[in-house]
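If you're wondering where the values come from, they're calculated on a predicted model, not measured in any experiment.
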Amino acid sequence: MAAHGNLVNGIAPGPTIANIGNGRLKDAAARHPSSASAPLGRVATPADIYGSALFLASPASAYVTGTEIVIDGGGCLGNSG
């Protein structure tokens, strides 16, 4: 798509407190397993995602394509504690 001037990027959030899944992660007890296993010790909030979304929607990302921004508090790295 880059050859046609289209930028294609993605945001891959980890567990996030939102209305997805009937808002299950809004309940502290339900999100405890995800929080306990996350290197940062918590699940994401929508505010944790906003910055990356704004960056990709802005002219600052004009030369960024074919990228996935993983926002999972280090979860992809495993729990190296």
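Partner of Ser34 under the side chain to side chain contact (heavy atoms under 4.5 Å, CB included) criterion, out of Ile17, Val43, Thr16: Val43 alone.
Within a 6.0 Å sphere centred on CG of Asn22, heavy atoms belonging to other residues, nucleotides or ligands number 12 at most.
Shown here for Arg31 and Lys26, the closest heavy-atom pair between the two residues is NH1-O, 3.0 Å. Of all heavy-atom pairs spanning Ser61 and Phe55, the tightest one is OG-O, 3.1 Å. Contact record, Ile69 with Ser52: CG2-OG, 3.8 Å, taken as the closest heavy-atom pair. Looking at every heavy atom in both residues, Val70 comes nearest to Cys76 through CG1-SG, 3.7 Å.
In terms of modelled atom types and a separation under 3.5 Å, the side chain of Thr67 and the main chain of Asn9 share no donor-acceptor contact.
Considering only heavy atoms from C-beta on, Leu7 stays 4.5 Å or farther from Met1 through its side chain. Residues Ile11 and Leu56 form a side-chain contact, since some pair of their non-hydrogen atoms from C-beta on lies under 4.5 Å apart. Arg42 places a side-chain heavy atom less than 4.5 Å from the side chain of Asp48.
The structure places CG of Leu25 at 11.0 Å from CG of Asn19, a figure rounded to the nearest 0.5 Å.
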